[in-house]
S.K.: 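Encoded as structure tokens, here's the structure I'll be asking about.
Reminder, nothing fancy here: chain letters follow the sequence lines and each chain counts from 1. Computation of the quantities below employed the complete heavy-atom set of this structure, encompassing side-chain atoms and omitting hydrogens, waters and symmetry-equivalent molecules.
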Protein chains: 2
Amino acid sequence: MDHVNLKRLAKELNLAVSTVSRALSDSHDISIETKRKVINLAKELNYQPNPFARSLRKRSSKTIAIILPEIANNYFSLAINGIEEVAQDYDYHVLIYLTHENHAKEASIIRHLLNGRVDGVLMSLSIETEDITHLQELQENNIPIVFFDRICDSIDTVKITTNDYESGYLATSHLISKGCKNIAYLTFSGNLSIERQRMKGYQDALIQHNLVPNDHYIVRCNTNTKESHTKIKTLFSEENRPDGIFASVELLAILCYEVCAEMKINIPNDIKIIGFSNLRTASLLNPALTTITQPAFDMGKEAAKALFEALKKPQIPMENRNIVLRSTLIERVSTSNT
Amino acid sequence: MDHVNLKRLAKELNLAVSTVSRALSDSHDISIETKRKVINLAKELNYQPNPFARSLRKRSSKTIAIILPEIANNYFSLAINGIEEVAQDYDYHVLIYLTHENHAKEASIIRHLLNGRVDGVLMSLSIETEDITHLQELQENNIPIVFFDRICDSIDTVKITTNDYESGYLATSHLISKGCKNIAYLTFSGNLSIERQRMKGYQDALIQHNLVPNDHYIVRCNTNTKESHTKIKTLFSEENRPDGIFASVELLAILCYEVCAEMKINIPNDIKIIGFSNLRTASLLNPALTTITQPAFDMGKEAAKALFEALKKPQIPMENRNIVLRSTLIERVSTSNT
DNA sequence: CTGTTAGCGCATTCAC
DNA sequence: GTGAATGCGCTAACAG
């Protein structure tokens, strides 16, 4: 037995296991002297408490899960950064799971977490998710969940979002101010609350500026990149093609660029694009792209903080609360590179 | 006790706990009939085995750790994607830890993993890492580790890299073929093996093409973005400023763009830039950027596969083996957008 | 084929 | 202050 555990420490010090345990957890009724001895030996032998035994006993894992639709996208990368930073502060571990925008996978992942492997969940919904029984099961099992960005309205808990309606309004107004008359809205899903908000902002901005919302200009893409590519191409091939594009998702802005390049459409002369994108590099590398950028890092941090604070008070269920952070519109003025 | 565990199942079926356990693990010496009954009841009551009890008993956690310098970068995002995909296949969980390029944090994270929380580790080194005792400790504790991209030469294990020397050579040759005479090499660290390889390729390409390597054109930046920005600015302000840039890291390519924009330097007329970058969007959004792209997703997958295969044979230490995948040079020809 | 027993490492209750 | 005993939920060795 070269494994160093409480038993081993106890034996070497001629103490009981329980005494050692209490000494290490700094219990009040252990003499200063024994504490010192125990702690010293523990350090010397590099004692590492077994996390599973501890979790088994205490019914707490010091672990949370992040469940994301995907990760190859700057928004979620930054969010993970924020979450991980806070988790290290609170001394928690972070498990990561990707749903690939697939409802079945999302449900399966969540059901696997009902066994207590994690103390809480941070999550952004998959595009496909409509049925939310798996989320309810989580709550029934008293595992708190916090949503960020892609929230679920019908679950009572903390939700971190940005001012999506306002951003949609601003983005659209920006295109209008640049002279666009026929503005298309590209979206993945009518399902997600954030997209509904953004679209509402888009529509209201049109109306406010005496333009007529035209359903024909609302293009619903999906996770199949090729199909989406084709849809955009079709849109751009039409008689009265749009002169402005509001892409509600980063990937769709990128697809627009691809299509424009293919079709030799000049940006921003022929078509102006504004993208709901967190791609720092997008705004850096191409002056033609105006972006709406979410504070992804801070959203991750806020979500994590809310969760950890809730975990401190295990009995109180999470109150329904919206935390709204602000997105930023970043307009790149032309540089020498245009 | 509304918690459903083996004891509960056993009681309801008038069986012994061990019988239930064996039935659920599909042991051969349990009758078909009891198996059926047990499995049915387990399903009915939605029995979820406690992962901690299992891990405690079996000394295996079905969990691996990914340790990364950072994540706000397309390369690591894609790598995580690959890893997570393979992990789901092998039925493993994935913990994620970020070092922020900080050696102390890296060592601390690894030491926390010595307690058996994970069965194995996938890792890309921090830039700062020179002392590798923490990595050795991991091996001494029989926790296998696989490196990808930023590998550690002096640890015997599986390492996934790309053809960095060749890529450095190609990138530099590409700039030379475009007429560049004074090519600068931007790097973060002389420490990382990948950067040494890339630099060697860069230097050899110069020599091969009868250009004289000039140490003055080798610019060592660091994680402090502002400082690096200044260094690049200084380089670009000089009398004989370079006409070609080879950025060995994505972020440095981006900084070059920023500086060029600031200084009204035209890309690619005044300066050509080739970036070691996985930013798909970089190549999409700006035709001026030629990129060298690593197969990040596949690298993640390969690393994970190697690790999981090793975990299947616990007694055999991992053999020292290099798996080299190929990077791609993506040249964007000018589009209507230039 | 099934039951009994033991123990993984730790925290906690109850003695003294 | 400290020790002995118990059990978290599960698997595995042994017995029959």
S.K.: Hey, does Leu6(B) have a side-chain heavy atom less than 4.5 Å from the side chain of Leu24(B)?
M.R.: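 Heavy-atom side-chain distance check passes, below 4.5 Å.
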
S.K.: Between dG9(C) atom P and His3(A) atom NE2, what is the distance in whole Å?
M.R.: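 Distance check: His3(A) NE2 to dG9(C) P gives 6 Å.
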
S.K.: Mind calculating the distance between NZ (Lys7(A)) and P (dT6(D)) to the nearest angstrom?
M.R.: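 Between P of dT6(D) and NZ of Lys7(A): 16 Å.
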
S.K.: Roughly, in whole Å, what's the span from CZ in Arg8(A) to P in dG9(C)?
M.R.: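 Going from Arg8(A) (CZ) to dG9(C) (P), I get 12 Å.
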
S.K.: Is the distance from OP1 or OP2 of dA5(D) to the nearest side-chain N or O of Ser18(A) less than 4.0 Å?
M.R.: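 No, Ser18(A) has no side-chain N/O under 4.0 Å of OP1/OP2 on dA5(D).
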
S.K.: Check every strand shown and say whether Ser55(A) touches a base, only sugar-phosphate, or nothing at a heavy-atom separation below 4.0 Å.
M.R.: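 The answer is nothing, as Ser55(A) stays clear of every strand by at least 4.0 Å.
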
S.K.: Counting the atoms with a prime plus P, OP1 and OP2 as sugar-phosphate, which does Asp29(A) contact under 4.0 Å by heavy atoms, base, sugar-phosphate, or nothing?
M.R.: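 It contacts base atoms.
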
S.K.: Does a nitrogen or oxygen in the side chain of Asn5(A) sit under 4.0 Å from OP1 or OP2 of dG9(C)?
M.R.: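 It does, given that an N or O in the side chain of Asn5(A) lies less than 4.0 Å from OP1 or OP2 of dG9(C).
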
S.K.: Is the shortest distance from a Lys or Arg side-chain nitrogen in Lys159(A) or Glu302(A) to a carboxylate oxygen in the other one below 4.0 Å?
M.R.: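 Salt bridge flag = no for Glu302(A) with Lys159(A).
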
S.K.: Under 4.0 Å from OP1 or OP2 of dT2(C): is there any side-chain N or O of Thr34(B) that close?
M.R.: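 For dT2(C), OP1/OP2 do have a side-chain N/O of Thr34(B) under 4.0 Å.
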
S.K.: Distance check needed: dG3(C) P versus Lys11(B) NZ, whole Å only.
M.R.: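 Distance, rounded to whole Å: 16 Å.
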
S.K.: Compare side-chain N and O positions of Tyr47(A) against OP1 and OP2 of dC10(C) and report whether any pair is under 4.0 Å apart.
M.R.: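 Affirmative; the distance criterion is met.
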
S.K.: Please tell me which of the listed nucleotides, dG9(C), dA11(C), dC1(C), lies nearest to the side chain of Arg59(B)?
M.R.: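 Given the options dG9(C), dA11(C), dC1(C), the side chain of Arg59(B) is closest to dG9(C).
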
S.K.: Output yes when Glu101(B) and Arg150(B) qualify as a salt bridge under the 4.0 Å nitrogen-oxygen rule, no when they do not.
M.R.: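 Yes, charged N to carboxylate O under 4.0 Å.
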
S.K.: Between atom CD1 of Ile194(A) and atom CZ of Phe147(A), what is the distance when rounded to the nearest 0.5 Å?
M.R.: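 Here the interatomic distance stands at 13.0 Å.
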
S.K.: Ignoring backbone atoms, test whether Ser31(A) places a side-chain nitrogen or oxygen under 4.0 Å from the OP1 or OP2 oxygen of dT2(D).
M.R.: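 True: Ser31(A) side-chain N/O within range (under 4.0 Å) of dT2(D) OP1/OP2.
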
S.K.: Could you state the atom-to-atom distance from CD of Glu33(B) to C1' of dT2(C) in whole Å?
M.R.: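 Glu33(B) atom CD is separated from dT2(C) atom C1' by 15 Å.
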
S.K.: Using a heavy-atom cut-off of under 4.0 Å over every strand shown, decide if Asn14(A) touches base, sugar-phosphate, or nothing.
M.R.: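 Sugar-phosphate only.
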
S.K.: Whole Å only: how far is the NZ atom of Lys58(B) from the C1' atom of dG7(C)?
M.R.: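 So the NZ-C1' distance, Lys58(B) to dG7(C), works out to 16 Å.
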
S.K.: From the list dG9(C), dG3(C), dA11(C), which nucleotide is the closest neighbour of the side chain of Arg57(A)?
M.R.: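 Shortest atom-to-atom distance from the side chain points to dA11(C).
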
S.K.: Measure CD1/Ile32(A) against C1'/dG1(D) and give the value in whole Å, please.
M.R.: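 Atom CD1 in Ile32(A) sits about 12 Å away from atom C1' in dG1(D).
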
S.K.: Using the side-chain hydrogen bond (donor to acceptor under 3.5 Å, both in side chains) rule, pick out the option among Lys37(B), Arg36(B), Lys35(B) that qualifies with Glu33(B).
M.R.: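 Considering Lys37(B), Arg36(B), Lys35(B), a side-chain hydrogen bond (donor to acceptor under 3.5 Å, both in side chains) with Glu33(B) is found only for Arg36(B).
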
S.K.: Rounding to a whole Å, what distance do you find between Ile30(A):CD1 and dG3(D):C1'?
M.R.: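 For the pair Ile30(A) CD1 and dG3(D) C1', the rounded distance is 10 Å.
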
S.K.: Can you check whether Arg54(A) has a side-chain N or O nearer than 4.0 Å to OP1 or OP2 of dG9(C)?
M.R.: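 False: Arg54(A) side-chain N/O out of range (4.0 Å or more) of dG9(C) OP1/OP2.
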
S.K.: Whether the side chain of Arg22(A) and the base of dG3(D) hold a donor-acceptor pair under 3.5 Å is what I'd like checked.
M.R.: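 Between dG3(D) and Arg22(A), which were checked side chain against base, a qualifying N/O pair under 3.5 Å is present.
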
